[in-house]
Protein chains: 2
Amino acid sequence: MKNKVAETKAMCAVDYAFQRMGGKYKARILFHLGSGLMRYGALRKSMPDITPKMLTQALRELEGDELISRKVYHEVPPKVEYQLTPVGTELIPSIGLLCEWGKKQMTKKNLPIVTDFY
Amino acid sequence: MKNKVAETKAMCAVDYAFQRMGGKYKARILFHLGSGLMRYGALRKSMPDITPKMLTQALRELEGDELISRKVYHEVPPKVEYQLTPVGTELIPSIGLLCEWGKKQMTKKNLPIVTDFY
DNA sequence: CCGTATCCCTTGCGATACTG
DNA sequence: CAGTATCGCAAGGGATACGG
């Protein structure tokens, strides 16, 4: 169970970035965490279209790439908190810009935008 | 041969953006076109790891989403020019930021970065 | 020069059910 | 509460060869 890429050979910086925050959900997860620390359940509620399996998978990969940190409280009921690392935090402005671009285009085309609780 | 998504239902702006410039090559292609108009062959040479099939496919999708325009000269030998549309151009700053983030992280980890001709 | 066509393989992703 | 396990499909992507 390796983490995607053997980064032994030279690559493009754009690719490097996309391998870490690309994919179907990672950018959205990072963006949500941009507003601060969140528990697993809170993340689930804020993105109900992501199955637990995919959410956990994305979170583990983000953790492996050190974009987020994961803190487990061994108590009953269990509690796990996720938050951005400094490196992950530096990614937020880029995603924010992307998001603004998306909003602008969607507005132009009169497409319905989901902002809250999604 | 439809273009990926039926955008009938409400979605997140981040997703909207990623459906247009996400994937394995699109951001890189857009970024290269950021420096100006390029012919198909020039794009190929600048990104030799992309097979013609994948390059053409990505270009067609970008064209379909109106991020780039394609101008064909019906002459021998044939000549096709690609360039960013205004909407596509607005995407460049976000990708640029992502690229800078990538470069910074790669530098920290002493990973070899390919900038020219890739 | 600028692509297409074909074949095939891998990976991502989803649904559903179950657990410490 | 915060996950795993299992199964399975479908899209994405690579290699190679050919075409207007």
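The sequence lines fix the lettering, A, B, ..., with proteins before strands; numbering per chain opens at 1. Note that this is a predicted model, so its numbers are computed, not measured.
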Just the rounded figure in Å: distance from [atom2] of [N] to [atom1] of [X].
X: Q19(B); N: dG12(C); atom1: CD; atom2: P; result: 18 Å
X: M47(A); N: dA2(D); atom1: CE; atom2: C1'; result: 14 Å
X: L43(A); N: dC1(D); atom1: CG; atom2: C1'; result: 13 Å
X: L55(B); N: dG14(D); atom1: CG; atom2: C1'; result: 14 Å
X: M38(A); N: dA2(D); atom1: CE; atom2: P; result: 11 Å
X: K26(B); N: dA11(D); atom1: NZ; atom2: C1'; result: 13 Å
X: F18(A); N: dG12(D); atom1: CZ; atom2: C1'; result: 16 Å
X: E81(B); N: dC1(C); atom1: CD; atom2: C1'; result: 13 Å

- Message: Can you list everything that forms a side-chain contact (heavy atoms from CB on, under 4.5 Å) with E100(B)? Sequence neighbours excluded, please.
- Response: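 Residues passing side-chain contact (heavy atoms from CB on, under 4.5 Å) with E100(B): none at all.
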
- Query: Do R28(B) and D49(B) meet the salt-bridge criterion of a basic N to acidic O distance under 4.0 Å?
  - Reply: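 Yes, charged N to carboxylate O under 4.0 Å.
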
Looking at [X], I'd like to know whether one of its side-chain N or O atoms comes within less than 4.0 Å of OP1 or OP2 on [N].
X: Y40(A); N: dT4(D); result: no
X: R39(A); N: dA2(D); result: yes
X: R60(A); N: dT4(D); result: yes

Distance-only donor-acceptor pairs under 3.5 Å for side chains of residues 69-81 of chain A, two or more places apart:
| residue | atom | partner | partner atom | Å |
| --- | --- | --- | --- | --- |
| R70(A) | NE | Y82(A) | OH | 3.2 |
| Y73(A) | OH | E81(A) | OE1 | 3.0 |

Tell me which donor-acceptor pairs under 3.5 Å the side chains of residues 84-93 of chain A have, and how far apart each pair is, sequence neighbours excluded?
| residue | atom | partner | partner atom | Å |
| --- | --- | --- | --- | --- |
| T85(A) | OG1 | E66(A) | O | 2.7 |
| T85(A) | OG1 | L67(A) | O | 3.1 |
| T85(A) | OG1 | G88(A) | N | 3.1 |
| T89(A) | OG1 | T85(A) | O | 2.7 |
| E90(A) | OE1 | K104(B) | NZ | 2.8 |

- Message: What does the B/S/- profile of nucleotides 13-20 of chain C look like, 5' to 3', with a 4.0 Å heavy-atom cutoff to protein?
- Response: BBB----B

- Could you list who else is in L97(B)'s hydrophobic cluster, with ILVMFWY side chains joined at under 4.5 Å, directly or through other members?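 Joined to L97(B), directly or through intermediates: L97(A).
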
- Have a look at Y82(B) and say if it touches a base, only the backbone sugar-phosphate, or nothing, with a 4.0 Å heavy-atom cut-off.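 Y82(B): backbone/sugar contact only, no base atoms under 4.0 Å.
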
- Is the charged tip of R20(B) near the ring of F18(B): under 6.0 Å from the six-membered ring centre and within 45° of its axis?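 Not satisfied by the 6.0 Å and 45° rule.
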
- Message: Using the side chain to side chain donor-acceptor pair (under 3.5 Å) criterion, which residues pair with Y40(A)? Sequence neighbours excluded.
- Response: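 By the side chain to side chain donor-acceptor pair (under 3.5 Å) rule, Y40(A) matches T56(A).
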
